[in-house]
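Worksheet: the structure to be examined is printed underneath.
Each ligand, and each atom within it, is numbered from 1 in the order the structure gives.
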Amino acid sequence: MTTTFNKCLMAGAIPLAILLSSSAFAQEGTSKGEVEVLNWWTSGGEAKALGALKDKLADDGIGWQNMPVAGGAGTNAMAVLRSRITSNNPPTAAQVLGYDAQDWADRDALSPLDDVAKAGNWDEVFPQPIQRFAKSDGHWIAAPFEIHSTNWVWANKSMMDELGIEQPDTWEAFIASMKKAQEAGHTGLAYGGQPWQDATVFENVVLATGGADFYRQAMIDLDPKALDSDTMVRSFDRFRELLQYKDDNSPGRDWNLATAMVINGDALYQIMGDWAKGEFLNAGLKPEQDFMCFRTPGTQDAVTFNSDLMIMFKNDDEQQQSMQNTMAGIIGSPEFQVTFSQLKGSVPARTDLSSDGLDACAQRGYEQAKAAAESDTLMGSMAHGYAAPAGVKNAVFDIVSSFVNGNMPSDVAAEQLAMAVQGARS
Ligand code: GAL
């Protein structure tokens, strides 16, 4: 593999700064070569968590070439990944979500990770809803980083205290609290108007309105009768109600900028997956002291999840294969699962770990995720690639975002949703 150092040698020009940084790199130890890792972890909290992997690899003498593609939920990253594969230039590894991992496995593009999985006892320690996506035809094809879940509200605690807002347990109390914040001159709901964020908030409303069984029927089973139902119409009604509490500058806003509105005291709440907590932590804030986390009112009995998976692309180079195995082993290891989640905001994907090192939100989240996995209410997130394949997911995004950005009536939206999903499946 050609390093920066070798490229400079070939070019016959070795600026001092590069010589110095190359030797610093060599001390960290790149004797085993370098991995190139495609990912979309570019926010403060995300980059810090990714740094934990880079550091661990460096301890093993493996260098790091980052390939970040900004854009929440990986929409842009997946387009770049496709073009890299099409031009026969795959990275060593890539961060992907559930159905996308399955898609690459179906295309026979991935290195199997069975040896690492066997050594780490992965069959025993990762829950079934994750194995369903990290394995293909009985073989491990991905290393799960964590469990994220999307049905969380992140709240500014001092604003709650100042306005006398108690943690809301019902939808009505949730709306009333945002109204209060709005009347006091704040933004009720920090909102990022991008299709994947629209869909993240929408799936929360569907779960809050219809409950776990309805969520499953509509979002996972894609049952047309559930998609175009009275309950779905009510979900769109509630979604419209919620949208009154966003500000006028929301279109196009990145999720971490919406999180910053809560951090900075401009907004009361954000509905977002627990990667948002990584931003609070990165800003030096502590859960339940400086900010609050609670399940979106009405969704307390279920967990909608996603899990970032590292897939490794087939490679003839034995050195690359060995580095891929090392990286997979690190990601699945008990110590890394905890360290990573402490920075990322998630909880470990392994279910056999102590929660002592986790913060208050994550301790609850970990217990809830494990209990949900046992009771079959750990359900895949539509917005984050765990409910349906990309074609269906994008069809849902289209309808939900048209609803957010226009005046579509709720009954029309439900009908269109059912039609769009049907069209994407056929
Ligand atoms: C999710 C991903 C998270 C986080 C988030 C925002 O899909 O699982 O790790 O990166 O997108 O980009």
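With respect to atom 2 (C) of ligand 1, the closest heavy atom belonging to the protein is D308 OD1, 3.4 Å. Here the heavy atom of the protein found nearest to atom 10 (O) of ligand 1 is E46 OE2, 2.6 Å. The shortest contact between atom 1 (C) of ligand 1 and any protein heavy atom is with H384 ND1, 3.4 Å.
F403 has its side chain within reach of R240: a pair of non-hydrogen atoms, C-beta onward, lies under 4.5 Å apart.
Residue W255 approaches ligand 1 through these ligand atoms, each under 4.0 Å from one of its heavy atoms: 6 (C), 12 (O). Near K344, meaning under 4.0 Å from any of its heavy atoms, are these atoms of ligand 1: 3 (C), 4 (C), 9 (O), 10 (O). Shown in contact with A73 at under 4.0 Å from a heavy atom are these atoms of ligand 1, numbered in order with element: 6 (C), 7 (O), 11 (O), 12 (O). Interface atoms of ligand 1 facing L97, defined by a heavy-atom separation under 4.0 Å, are 7 (O), 8 (O). Counting atoms of ligand 1 from 1 in the listed order, those under 4.0 Å from a heavy atom of G72 are 12 (O).
A salt bridge does not link K118 with D123: every distance from a Lys NZ or Arg NE/NH1/NH2 to an Asp or Glu carboxylate oxygen is 4.0 Å or more. With respect to the salt-bridge test (charged N to carboxylate O, under 4.0 angstrom), the residues R107 and D103 qualify. Comment: R238 does not engage E241 in a salt bridge, judged by the lack of any side-chain N to carboxylate O separation of less than 4.0 angstrom.
Of the N or O atoms in N306, one or more lie within a sub-3.5 Å distance of an N or O in ligand 1. Any N or O atom pair closer than 3.5 Å counts here, and W40 shares at least one such pair with ligand 1.
The one candidate from N204, N151, T150 that meets the side chain to side chain donor-acceptor pair (under 3.5 Å) condition with T299 is N151.
Between F133 and Y99, the angle of the ring planes goes over 60°, which puts this pair in the perpendicular group of the 30/60° scheme.
Under the 4.0 angstrom criterion for non-hydrogen atoms, G74 is not in contact with ligand 1.
The ring of Y269 has its center closer than 6.0 angstrom to the ring center of F174. Note: Y245 and Y191 fail the aromatic proximity criterion, with ring centroids not under 6.0 Å apart.
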